[in-house]
2 protein chains.
Amino acid sequence: MATGRTHRPATRSRGIPEATVARLPLYLRALTALSERSVPTVSSEELAAAAGVNSAKLRKDFSYLGSYGTRGVGYDVEYLVYQISRELGLTQDWPVVIVGIGNLGAALANYGGFASRGFRVAALIDADPAMAGKPVAGIPVQHTDDLEKIIKTNGVSIGVIATPAGAAQQVCDRLVAAGVTSILNFAPTVLSVPDGVDVRKVDLSIELQILAFHEQRKAGEETAPGEGALPAATARDDSADQGPDGDVPAVMPA
Amino acid sequence: MATGRTHRPATRSRGIPEATVARLPLYLRALTALSERSVPTVSSEELAAAAGVNSAKLRKDFSYLGSYGTRGVGYDVEYLVYQISRELGLTQDWPVVIVGIGNLGAALANYGGFASRGFRVAALIDADPAMAGKPVAGIPVQHTDDLEKIIKTNGVSIGVIATPAGAAQQVCDRLVAAGVTSILNFAPTVLSVPDGVDVRKVDLSIELQILAFHEQRKAGEETAPGEGALPAATARDDSADQGPDGDVPAVMPA
DNA sequence: ACTTGTGAAACTTTTCACAGCT
DNA sequence: AGCTGTGAAAAGTTTCACAAGT
């Protein structure tokens, strides 16, 4: 078959779908919990339930990594934990800097799950000179002036931006110029980055607005469609079926 | 599809794709900025650049809302702001409760962007009796015992969970039982909810792990395939994931 | 028996490219 | 001449269903 790629042997075909990559951390978390309970093997059905997806999807996802299961038996928990960790790059240590130590930045610095798996807060950076030297989560805050030096000294390639929106692009540019190639952005703004730099964003108001959209739709339905309590599905957010029109009271925003 | 629904004239065909819904807040933010600068109209090209998407996608997205543009001219900024706000349900006020007032919960409570657009923090709830009565962001923290009463008194339908992972499911169950139908979950755990309840999650470690995956891949390439610095593109976060998981809110530090 | 791994079908989202209106 | 709105193609993702192993 022509077009492109000479197919790898068979084991691993470069290019795991992005949707799959986004779920690997979920599987890993569920597997880690099983591992802590010393569960030796798990079926796709059980693991899928724990991760909140369906089993066909999970098996398909795993098939992109290779054939790590045993038919008739399931998956070896420890082995899968290792394989997924490796695939995600968690077998190495990633130094991370957090820029913007306000309420959120401090909360992130204190977040335990940070260190737990592959990530280490290498430095906290803030533009306020009054903060310099103060320890947050046991780490002294450093001034923005030293950003480039800090990045280089620590070999940081992942940066977290928790500054106000107005400062985010500027901080981003400096991080990138200093060598950071992955950014997690908490500031409510769109960041421009050169090709080759990854940005992921975390935005409270966007999430709330998406919820409001669905909430409004539910309200429009009013008439409970049976009210029959179906057994709870696992962590599913559906987008309700087509609701009739939604007449909306208007309050015209400012 | 399915049972023919002839309901509305023709203007609006119920059922906006989820991917489109997830981008509406982005467009709204960009439009609001234009509005504040008193820009009267904007082309799909300009607006797309500001929102970090491409113009074909933006036009397609808007086409699901209706025909709000003018060929040869562009879109009326004020009009679009209103239409999108209405579509998202932001023309009404959504009371929100935050459960779990630790570092993160407090940061969220202090987040300005919260109140700014359609959302109002109706109450803060925490399980620690020592916190009861203490004001955070000017709002007194209430005890979990009163959760049901608080939800009902305030007509809350959106809840934010910022508790430790271990408490999240329990809090979630109580919120749902009390009438909450949309949940924004910051706890690193999968929540089970009945059908009809929407859950969106915001998970720092998942986001970092996704970045680590791509970061590792970049490192593996090593041999820069040209190394030539291509001109920067506009804010593309690769992997536009999608789905219910993913991004989240940003707490603007004070 | 039981459970994985996977082609193929179904569905969703993005992109293309141009007709149609201003 | 310029820009929107949209069918149609392409790409990506999920689900189905069952053959292939253990």
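Below, chain A is the first sequence line, B the second, and so on; all start at residue 1. None of these values were measured; they are calculated from a predicted model.
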Q: Between P on D:dT4 and CG on B:L65, what's the gap in Å once rounded to a whole number?
A: 15 Å
Q: Taking the side chain as C-beta and beyond, is there a heavy-atom pair between B:L211 and A:I183 under 4.5 Å?
A: no
Q: From CG of B:D61 over to P of D:dT6, roughly how many Å is that when rounded to an integer?
A: 13 Å
Q: Contact class for B:F62 vs. all strands (heavy atom < 4.0 Å): base, sugar-phosphate, or nothing?
A: nothing
Q: Could you tell me how far apart B:L80 (CG) and D:dC3 (P) are, to the nearest whole angstrom?
A: 16 Å
Q: In whole angstrom, what separates B:L58's CG from D:dT6's P?
A: 14 Å
Q: Once you round it to whole Å, what is the distance between C1' of C:dT13 and CD1 of B:I16?
A: 15 Å
Q: Answer yes or no: are there more than 12 heavy-atom neighbours, outside B:Q169 itself, under 6.0 Å from its atom CD?
A: yes
Q: Which whole-number value in Å describes the distance from B:E18 CD to C:dT12 C1'?
A: 11 Å
Q: What's the verdict on side-chain hydrogen bond (donor to acceptor under 3.5 Å, both in side chains) for A:R59 and A:S44, showing C-alpha distance, side-chain angles and the deciding distance?
A: CA-CA 6 Å; A:R59 288 199 303 278; A:S44 62; 3.2 Å; yes
Q: Side chain of B:Y75 only, heavy atoms from C-beta on: which candidate in D:dT4, C:dT4, C:dT15 is closest?
A: D:dT4
Q: So that I can tick it off, tell me whether A:E87 and B:R217 are bridged by a salt bridge, with the cut-off set at under 4.0 angstrom between side-chain N and carboxylate O.
A: yes
Q: Identify which nucleotide among C:dG5, C:dT14, D:dT14 has an atom closest to any side-chain atom of B:A19, counting heavy atoms from C-beta outward.
A: C:dT14
Q: Ignoring backbone atoms, test whether B:S44 places a side-chain nitrogen or oxygen under 4.0 Å from the OP1 or OP2 oxygen of D:dT4.
A: yes
Q: Examine C:dT14: is either OP1 or OP2 under 4.0 Å from a nitrogen or oxygen in the side chain of B:N54? Give yes or no.
A: no
Q: Of B:G72 and B:A56, whose nearest nucleotide on DNA chain D comes first from the 5' end?
A: B:G72
Q: Examine the base of C:dT3 for any acceptor or donor lying under 3.5 Å from a partner atom in the side chain of A:R71, and report the outcome as yes or no.
A: no
Q: Given axes from five pairs at either end, by how many degrees does the helix from C:dA1-D:dT22 to C:dT22-D:dA1 bend, rounded to 10°?
A: 0°
Q: May I have the distance from A:Y64 (atom OH) to C:dG5 (atom C1'), rounded to whole angstrom?
A: 11 Å
Q: Kindly check if the number of other-residue, nucleotide or ligand heavy atoms within 6.0 Å of CD (A:Q92) is above 12?
A: yes
Q: Between C1' on D:dT4 and CD on B:Q83, what's the gap in Å once rounded to a whole number?
A: 16 Å
Q: Between A:N185, A:L104, A:L108, which is the residue that forms a side chain to side chain contact (heavy atoms under 4.5 Å, CB included) with A:V160?
A: A:L108
Q: Has A:K57 got a side-chain N or O lying under 4.0 Å from the OP1 or OP2 atom of D:dT13?
A: no
Q: Could you walk me through whether A:W94 and A:V156 pass the side-chain contact (heavy atoms from CB on, under 4.5 Å) test, one step at a time?
A: CA-CA 7 Å; A:W94 296 100; A:V156 171; over 6 Å; no
Q: So does B:S43 get a side-chain nitrogen or oxygen closer than 4.0 Å to the phosphate oxygens (OP1/OP2) of D:dC3?
A: no
Q: Do the side-chain N or O atoms of A:R59 get closer than 4.0 angstrom to the phosphate oxygens (OP1, OP2) of D:dA17?
A: no
Q: Of all the choices, C:dT4, C:dG20, D:dG7, which nucleotide is nearest to the side chain of B:K60 once you look at every atom?
A: D:dG7
Q: If we check ring pair (Phe, Tyr, Trp, His ring centres under 6.0 Å) with A:Y75, which of these qualifies: A:F62, A:Y27, A:Y68?
A: A:F62
